[in-house]
Amino acid sequence: MAANQEKDVLHRYLVVGREALLWKLEGLSEYDVRRPLVPTGTNLLGLVKHVASVAADYFGDVFARPFPDPLPWFAPDAEPNADLWATADESRADILRLWDRAWSHADATIEALPLDATGVV
């Protein structure tokens with residue numbers, strides 16, 4: 001398989017995985033997407049926020065393509081694990097917009113770089 005085909009296959013797996021995560025929110029009430037599921041306070045909407053944030057970082061800074069939006073929950077003075085739950089002032093729409101921007105940025109990075117591009121963590 002050629003490198004471009006391999007990259008396309010890997011990218012497709014990533015797309016399918018992220019679609020599956022968003023699918024988990026479909027039809028759920030605000031209570032259900034925000035309800036803490038574990039002692040840390042993590043909730044489903046927080047998982048979406050976390051995955052979007054990690055995508056923005058790993059497909060951004062790691063490949064010298066910084067994500068343009070600030071992610072305050074990653075600041076040194078942020079509460080630990082603040083990316084794992086949605087705050088009261090973060091709407092579902094806000095987090096889904098972050099998701100869309102982060103994955104658009106990630107997709108652009110994947111498209112722009114070769115499969116063997118080196119990232120620095």
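Note that these values count all heavy atoms, side chains included, but never hydrogens, waters or copies made by symmetry. All residue numbers in this chain count up from 1 along the given sequence.
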Identify whether Val48 and Leu14 are in the same connected component of the hydrophobic contact network (ILVMFWY, side-chain heavy atoms under 4.5 Å).
yes

Consider only side-chain heavy atoms of I, L, V, M, F, W and Y, link residues closer than 4.5 Å, and tell whether Leu45 and Val51 are in one cluster.
yes

Taking atom [atom1] of [X] and atom [atom2] of [Y], what is their separation to the nearest 0.5 Å?
| X | Y | atom1 | atom2 | value |
| --- | --- | --- | --- | --- |
| Ser91 | Leu96 | OG | CG | 8.0 Å |
| Glu19 | Lys24 | CD | NZ | 13.0 Å |
| His50 | Asn43 | NE2 | CG | 12.5 Å |

Student check: side-chain heavy atoms of [X] and [Y] closer than 4.5 Å:
| X | Y | value |
| --- | --- | --- |
| His11 | Asp107 | yes |
| Trp99 | Leu21 | yes |
| Leu37 | Thr42 | no |
| Phe74 | Asp83 | yes |
| Trp103 | Leu22 | no |
| Arg18 | Tyr13 | no |
| Arg35 | Asp32 | yes |

Where do Ala52 and Ala102 come nearest, in terms of heavy atoms and distance?
O-CB, 3.3 Å

Closest heavy-atom contact between Ile95 and Ala86?
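Taking every non-hydrogen atom into account, CD1-CB, 3.4 Å.
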
Any donor-acceptor N/O pair, Glu90 side chain to Thr87 backbone, under 3.5 Å:
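A pair under 3.5 Å: yes.
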
Can you tell me if Arg92 uses its side chain to pair, donor with acceptor, with the backbone of Val33 under 3.5 Å?
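Not confirmed, Arg92 side chain does not pair with Val33 backbone.
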
Donor-acceptor contacts under 3.5 Å from residues 109-121 side chains, at least two apart:
unit_1, atom_1, unit_2, atom_2, d
Thr109, OG1, Phe59, O, 2.8
Thr109, OG1, Arg65, NE, 2.8
Thr109, OG1, His105, O, 3.2

When you check the gap from the basic side-chain N to the acidic O, do Arg97 and Asp94 get nearer than 4.0 Å?
yes

Cation over ring, Lys49 on Trp73, under 6.0 Å and within 45°?
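Yes.
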
Given the rule in the side-chain contact (heavy atoms from CB on, under 4.5 Å) test, do Arg101 and Leu98 qualify, once you have shown the distances and angles that lead to the verdict?
CA-CA 5 Å; Arg101 288 189 315 274; Leu98 168 66; 4.0 Å; yes

Atom CZ of Phe63: over 12 foreign heavy atoms under 6.0 Å:
yes

